[in-house]
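Position 1 is the first residue of the sequence, and the numbers go up from there.
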Amino acid sequence: MEKFLKKSSWSDIVVSVLFMIFGFILIAQPEFVKSMISFLLGSIVIVIGVLKGIDYFASGKQDYYLLSVAIVAMIAGIVILFCADIITSIFRILIGLWIVYSGLINLQTTIVWKNHQSRLWFLTLILAIATILAGVYILVTNGAMLQIVGAIIVGYGIMNMIENAIFIKKVDRYLEL
C-alpha cells in the first residue's frame with residue numbers, strides 16, 4: 001500500500017510539472033498556444049473525416065453513415081481551424097474543471113490528515129481551498145486573459161507539488177496509525 005501511495009504521489013508531481021510547463025508557455029506565448037490547439041484539433045478532425053470518406057468509397061457498399069460521418073467531421077475540422085476562440089473557451093473550462101476536481105481531492109486528503117492529527121493539515125487545507133478557488137475563477141471568468149490562466153495553472157502545479165511532497169514524506173506515519 002505504501003509503495004502504491006508513494007508512486008501515485010510521484011505521478012501527481014510529474015503531472016504538476018507538466019501543468020507548470022504548459023502554464024509558462026501559455027504566459028509567454030498565449031496566441032501561439034491558442035493557434036496550435038485550434039490547428040492540431042482541427043487537423044485531427046479533418047483527417048478523421050478524410051479517412052471515413054476513404055472507407056466509404058473503398059468499401060463499395062452504400063453505407064451512408066460513413067459518408068455522413070466523413071462530411072460532418074471535415075466540416076467540423078474546418079470550423080475548428082477557424083474558430084480558435086471557441087476552442088480556447090472549451091479548453092479553459094476543461095482545465096478549470098480539472099483544477100476544481102484536484103482541489104476537492106486534496107480537500108478530502110486534508111480531512112484525513114486532520115483525523116490523524118497531522119500538524120500540516122491546516123497548510124494543506126489552505127492550499128486545497130486556494131486550488132478550488134483558482135479552478136472556479138478559471139471557470140467563471142469568460143474573458144480571462146490567457147496569461148492569467150497560465151499563471152493560475154502554474155500556481156496549481158506548485159500547490160499540488162507541495163501537497164504531494166508533504167504526503168510522500170508523511171505516508172509512512174499515516175499507514176502505521
Side-chain angles (χ1 to χ4, degrees), residues 7-108 127-164:
K7 185 177 181 181
S8 174
S9 294
W10 277 110
S11 65
D12 284 347
I13 289 174
V14 169
V15 169
S16 296
V17 169
L18 292 175
F19 263 93
M20 289 172 55
I21 291 169
F22 178 71
F24 284 126
I25 292 171
L26 197 54
I27 291 168
Q29 298 290 326
E31 290 302 314
F32 171 74
V33 171
K34 186 165 81 170
S35 297
M36 283 307 289
I37 290 171
S38 180
F39 175 76
L40 289 173
L41 190 57
S43 298
I44 289 169
V45 174
I46 289 172
V47 167
I48 290 170
V50 168
L51 292 175
K52 292 296 181 186
I54 291 170
D55 282 349
Y56 171 75
F57 290 111
S59 69
K61 298 187 258 179
Q62 297 295 329
D63 188 359
Y64 294 111
Y65 172 76
L66 276 178
L67 182 60
S68 13
V69 168
I71 292 170
V72 169
M74 285 187 274
I75 292 171
I78 292 168
V79 168
I80 290 169
L81 281 175
F82 295 106
C83 296
D85 291 334
I86 294 171
I87 301 305
T88 303
S89 293
I90 292 170
F91 187 68
R92 176 185 52 83
I93 291 169
L94 291 174
I95 292 290
L97 288 173
W98 176 263
I99 291 173
V100 167
Y101 169 76
S102 179
L104 291 172
I105 294 298
N106 292 338
L107 186 62
Q108 181 183 7
L127 292 173
I129 291 171
T131 301
I132 293 168
L133 291 175
V136 169
Y137 178 77
I138 289 173
L139 286 171
V140 300
T141 308
N142 196 19
M145 294 184 321
L146 293 175
Q147 291 91 350
I148 293 172
V149 173
I152 291 172
I153 290 171
V154 170
Y156 158 74
I158 291 169
M159 288 186 289
N160 202 38
M161 282 179 45
I162 291 169
E163 288 181 4
N164 282 297

> What pairs with Phe39 under ring pair (Phe, Tyr, Trp, His ring centres under 6.0 Å), at least two apart in sequence or on another chain?
Replying inline: none
> So how far is it from Ile95 CD1 to Leu139 CG, rounded to the nearest 0.5 Å?
Replying inline: 10.5 Å
>> Using every non-hydrogen atom in the two residues, find where Ala70 and Gly53 come nearest and quote the distance to one decimal.
In response: CB-N, 3.3 Å
> With Ile138, which of Leu97, Ile99, Val100 fulfils side chain to side chain contact (heavy atoms under 4.5 Å, CB included)?
Replying inline: Ile99
> When rounded to the nearest 0.5 angstrom, what is the spacing between CG in Leu127 and CE in Met161?
Replying inline: 12.5 Å
>> Applying side chain to side chain donor-acceptor pair (under 3.5 Å), can you list everything that pairs with Thr131, at least two apart in sequence or on another chain?
In response: none
>> If the condition is side chain to side chain donor-acceptor pair (under 3.5 Å), which residues does Tyr64 pass it with, not counting sequence neighbours?
In response: Gln62
> What pairs with Leu66 under side chain to side chain contact (heavy atoms under 4.5 Å, CB included), at least two apart in sequence or on another chain?
Replying inline: Lys52, Asp55, Tyr56, Asp63
>> Listing request: all side chain to side chain donor-acceptor pair (under 3.5 Å) pairs with a residue in residues 148-158, at least two apart in sequence or in separate chains.
In response: Trp98-Tyr156, Ser102-Tyr156
Going by atom type alone, with no hydrogens or angles, which donor-acceptor pairs under 3.5 Å involve a side-chain atom of residues 15-23 and a protein atom two or more places apart or on another chain?
unit_1 : atom_1 : unit_2 : atom_2 : d
Ser16  : OG     : Asp12  : O      : 3.0
Ser16  : OG     : Asn160 : ND2    : 2.9

> Taking only residues two or more places apart in sequence, or in another chain, which ones meet Leu133 in a side chain to side chain contact (heavy atoms under 4.5 Å, CB included)?
Replying inline: Ile129
>> I need the Ile162 CD1 to Asn106 CG distance, nearest 0.5 Å.
In response: 11.5 Å
> Residues in side chain to side chain contact (heavy atoms under 4.5 Å, CB included) with Ile44, at least two apart?
Replying inline: Ile48
>> To the closest 0.5 Å, what do you measure between CG (Leu41) and CD1 (Ile46)?
In response: 10.0 Å
> What distance do Phe57 atom CZ and Leu67 atom CG have between them, rounded to the nearest 0.5 Å?
Replying inline: 6.0 Å
>> Holding to side chain to side chain contact (heavy atoms under 4.5 Å, CB included), I want the full list of residues that pass it with Leu94, two or more places apart in sequence or in another chain.
In response: Ile90
> Which atom names give the shortest non-hydrogen contact between Ile80 and Ser38, and what distance separates them?
Replying inline: O-OG, 2.5 Å
> Between Ala128 and Gly103, which heavy-atom pair has the shortest distance, and what is it?
Replying inline: CB-O, 3.8 Å
